[in-house]
Amino acid sequence: MQQIATLDDKILSIRATDSTANPINEAINAFGHALKRAGLYSRFNRRVPSRKTGGFKFAEVMASENYGLNFPAGLDVFIALDPESMSENLEYYTSRFDNGNTLVILDDKRLLDPAFDPVKEYLSDFQLDNTTFQFMHLPLSKLSDGDKNLINTAIGYLGQQLDVPLDILNDVFAQSFSGLKPPLLKKLKNSLAAGYNLEQEIEKFDLPKFEFNDLSEYGYMHANQVLAEALLELGVNFTAAYPITPATSIIEVMKNELWARYGPGSFVQAMDERSALAIAIGRVWGGIQKGTERVAVVTSDPGISLMSENLGVAYDLPMLIVNVMRGGYVSTGDPTGVKQGALRQAKSPTHGDALFPVIAPRTVDEMYSAAANAYNIIEELCMPVMFLSDGGMSVRNETIHLDSLTEGLKIPEIKAHPDRTVLTGLSSKPDGRPIKGYHHEDALAEAKRYNDRIQKLRDDDLLINKREDLDFYAPEGKDKKDIAVLAWGSTWYAAREAVEILGRQGYNAHLISTQQVFPLQDSLIDQLAEYNHVILPELNFTGQLAEILKTECDSRMDINNIYSIDPQSNEMFIPDEIVAEVKEIYKGAKKWHQLMKLQQTEYEVII
């Protein structure tokens, strides 16, 4: 018996397609959440047809026992709800089928006839040499409670094959389709159960049986929740905040837990962001000499704008400023939009020459270790650190092994600063006492002290919890240092997959990433200098990390070889966007270099 996928592959990919009104996107996405709830990792992808031209749509979910980053080259299970969309999938996505073994699930009674040849019927127009197809008749129209539940019946069957408990499927689908009226939700659950309880031909197709994890060891968590848990684990004992989307869920978790652990005085909901930071400054200052307070302030971009005056006062105080960035250009922006538009603001959020370190975690689980890294910088340099997440990351859910978050985690101690005796907000000496009058030497000493703190972050690595698995990736066999895709924050996800795709298409592209986005470490710049092209996908239209890189690279890099990729919408990047832009930049850069070489040759001939 030929197996569709094995546990050696560690990944199972399932695609459903349709050209009618079946809600396959919502259903397959819900199935992915059910797989996560059951203890697996999963990812979701989809294609939506044009409203004007119509056409087919597909939805795809990938399941894995391990942290699967990319959709595999082939498809394991293909559910075709109508023949037209199946043909269009084969035409437009031939490579996904021409690579492995695919189980095709159809509602076609002819498959029960031994004389019927499905390969001739469905595949004769396509050149597929490297795939073994197995066809299965699943009587979806007969089993489903309504035409719009065909996909739910198929999912019920696959859930049974993968040993996903039916109660998990019911709970997740009830949440995902909570807008349905009770009679329609009942029909949906009936269809799930009909597919789940189907005994027909179960032994014929040997789908992999995943070894489900002990759910007590795993959490299905979004990034804001992981960060809140991290702050509590790291000993944060006070937070002042004003609710603001998309950071409010962090504030809610912190409020409840801080009150439970330290009493009501450990959390203050202020009347606005300006007063929230002022209250936090007072709390830090109250314990700075004895080292008793670890404080975090949580907000979003507009809140940082309101805090800017007090951030100057906080410049010598150890505290974490969390900014869950949102979209928009002016004023309050777009509360639910996804942007990385606050990096420039984060590094210099107040007047004068004050520069702030900036940490930006790249994945949901890295929110935990990044918070510890931020506090290590805070304690070592006795200054605030800006911690950047974004609206897309904040609601991203992943299955996380809870023990892995704290395993090997280094938690910095709260340091006492007994020499700090005065806080004035004026230009001051190290003990906080203001510089009186115009003392040139004291003013220079103050500037050097502040500049040295930032320079130390360029020279030394204060990130005590390294994530080398996120810092660099090169596709197998692509060792030449030609294209570096430099990703920061949540763009890491799409950039990682884009580099994989570029590698399959013959490009020598590597993923390089950094958690510390300001100041950039000298070692990172030296690494980037070895590449011909450095391309930065950023969820902003002004290339803010590219701007920092061009400023900090000095003469070590040719700034003409640093490029930015802007987002095409107010949403997260998708890998294909990055791939297309990288190819376009690479093509244009190659022509430019050829032109420069030609001009140089002509110049030499004239001489």
Side-chain angles (χ1 to χ4, degrees), residues 29 32-33 36 41-44 67 69 219-231 244-254 296 298-304 320-328 333-343 345-346 358-374 385-400 405 467 469-471 486-498 511 513-518 536-540 544-545 565 567 569-575 577-578:
N29 192 24
H33 285 299
K36 289 180 179 179
Y41 294 102
S42 76
R43 289 192 60 192
F44 173 73
Y67 189 79
L69 294 170
Y220 182 51
M221 306 170 72
H222 56 74
N224 277 3
Q225 184 179 2
V226 174
L227 178 56
E229 297 289 345
L231 296 177
I244 182 170
T245 303
T248 303
S249 58
I250 302 174
I251 298 168
E252 288 296 319
V253 174
M254 295 294 292
V298 181
T299 187
S300 187
D301 317 36
I304 297 293
L320 184 68
I321 313 294
V322 177
N323 178 0
V324 186
M325 298 176 287
R326 63 204 223 179
D334 179 0
T336 59
V338 180
K339 278 288 183 292
Q340 295 176 313
L343 176 54
Q345 178 195 47
V358 185
I359 292 291
R362 296 156 288 187
T363 61
V364 173
D365 60 328
E366 196 188 27
M367 302 291 283
Y368 215 97
S369 57
N373 289 335
V385 168
M386 306 297 286
F387 188 98
L388 295 185
S389 179
D390 62 66
M393 176 80 89
S394 70
V395 295
R396 187 182 181 97
N397 288 276
E398 290 184 3
T399 303
I400 294 175
L405 292 177
R467 286 294 302 271
D469 57 320
L470 304 182
D471 291 342
L486 177 60
W488 70 279
S490 62
T491 60
W492 182 90
Y493 287 98
R496 169 63 173 77
E497 189 163 343
L511 173 68
S513 185
T514 178
Q515 185 187 109
Q516 180 180 302
V517 291
F518 184 81
L536 294 85
E538 299 189 60
L539 292 171
N540 59 66
Q544 296 182 22
L545 184 60
I565 297 177
S569 66
N570 208 24
E571 299 178 353
M572 304 282 281
F573 277 114
I574 60 174
E577 281 183 63
I578 298 176

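Not measured: the values here are computed from a predicted model.
- Expressed to the nearest 0.5 Å, how far CG of Asn540 lies from OG1 of Thr491 amounts to 9.5 Å.
- A salt bridge links Asp365 and Arg467; the closest N-O separation between the charged side-chain nitrogens and carboxylate oxygens is under 4.0 Å.
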**Request:** Check step by step if side-chain contact (heavy atoms from CB on, under 4.5 Å) holds for Met367 and Phe387.
**Result:** CA-CA 10 Å; Met367 302 291 283; Phe387 188 98; 4.1 Å; yes
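- Taken from CD1 in Ile244 to OG in Ser300, the straight-line distance is 4.5 Å, to the nearest 0.5 Å.
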**Message:** Apply side-chain contact (heavy atoms from CB on, under 4.5 Å) to residues Leu343 and Trp488 and explain how you reach the verdict.
**Reply:** CA-CA 11 Å; Leu343 176 54; Trp488 70 279; 3.9 Å; yes
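- Within the 3.5 Å criterion, the main-chain N or O of Gly341 finds a donor-acceptor partner in the side chain of Gln544.
- Looking only at atom types and distance, the side chain of Ser490 has a donor-acceptor partner in the side chain of Asp390 under 3.5 Å away.
- Considering every non-hydrogen atom in both Ala487 and Ala495, the closest pair reads CB-CB, 3.7 Å.
- Taking the side chain as every heavy atom from C-beta outward, Ile565 and Ile578 approach each other to under 4.5 Å.
- Residues passing the side-chain hydrogen bond (donor to acceptor under 3.5 Å, both in side chains) test with Gln515, sequence neighbours excluded: Glu366, Asn373.
- For Thr248, there are no side-chain hydrogen bond (donor to acceptor under 3.5 Å, both in side chains) partners, not counting sequence neighbours.
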**Request:** Show your reasoning for whether salt bridge (charged side-chain N to carboxylate O under 4.0 Å, His left out) applies to Arg362 and Asp471.
**Result:** CA-CA 10 Å; Arg362 296 156 288 187; Asp471 291 342; 2.7 Å; yes
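- A search for side-chain hydrogen bond (donor to acceptor under 3.5 Å, both in side chains) contacts involving Asn323 returns nothing, not counting sequence neighbours.
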**Request:** Run the numbers on Met572 and Leu539 for side-chain contact (heavy atoms from CB on, under 4.5 Å), then give the verdict.
**Result:** CA-CA 7 Å; Met572 304 282 281; Leu539 292 171; 4.3 Å; yes
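- Heavy-atom minimum distance, Ser394 versus Gly391: OG-O, 2.7 Å.
- The structure places CG of Leu536 at 5.0 Å from CG of Leu545, a figure rounded to the nearest 0.5 Å.
- At least one donor-acceptor pair closer than 3.5 Å links the side chain of Thr514 to the backbone N or O of Gln516.
- Taken from CG in Leu511 to CG in Leu486, the straight-line distance is 8.5 Å, to the nearest 0.5 Å.
- With hydrogens and angles ignored, the 3.5 Å screen pairs no side-chain donor or acceptor of Trp492 with any backbone N or O of Thr363.
- Looking at every heavy atom in both residues, Val385 comes nearest to Ala374 through CG2-O, 3.8 Å.
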**Item:** Worked verdict on Met386 versus Ile304 for side-chain contact (heavy atoms from CB on, under 4.5 Å)
**Value:** CA-CA 10 Å; Met386 306 297 286; Ile304 297 293; 3.8 Å; yes
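- For the atom pair CD of Glu538 and CD of Gln340, the computed distance is 7.0 Å after rounding to the nearest 0.5 Å.
- In terms of modelled atom types and a separation under 3.5 Å, the side chain of Ser249 and the main chain of Asn224 share no donor-acceptor contact.
- Formation of a donor-acceptor pair under 3.5 Å by the Arg326 side chain with backbone atoms of Thr245 is found in this model.
- Val324 is not listed as a side-chain neighbour of Asp301, based on a closest heavy-atom distance of 4.5 Å or more.
- Here the closest non-hydrogen pair linking Pro246 and Met325 is CG-O, 3.9 Å.
- Side-chain contact between Leu231 and Tyr368 is absent, with no heavy atoms from C-beta onward closer than 4.5 Å.
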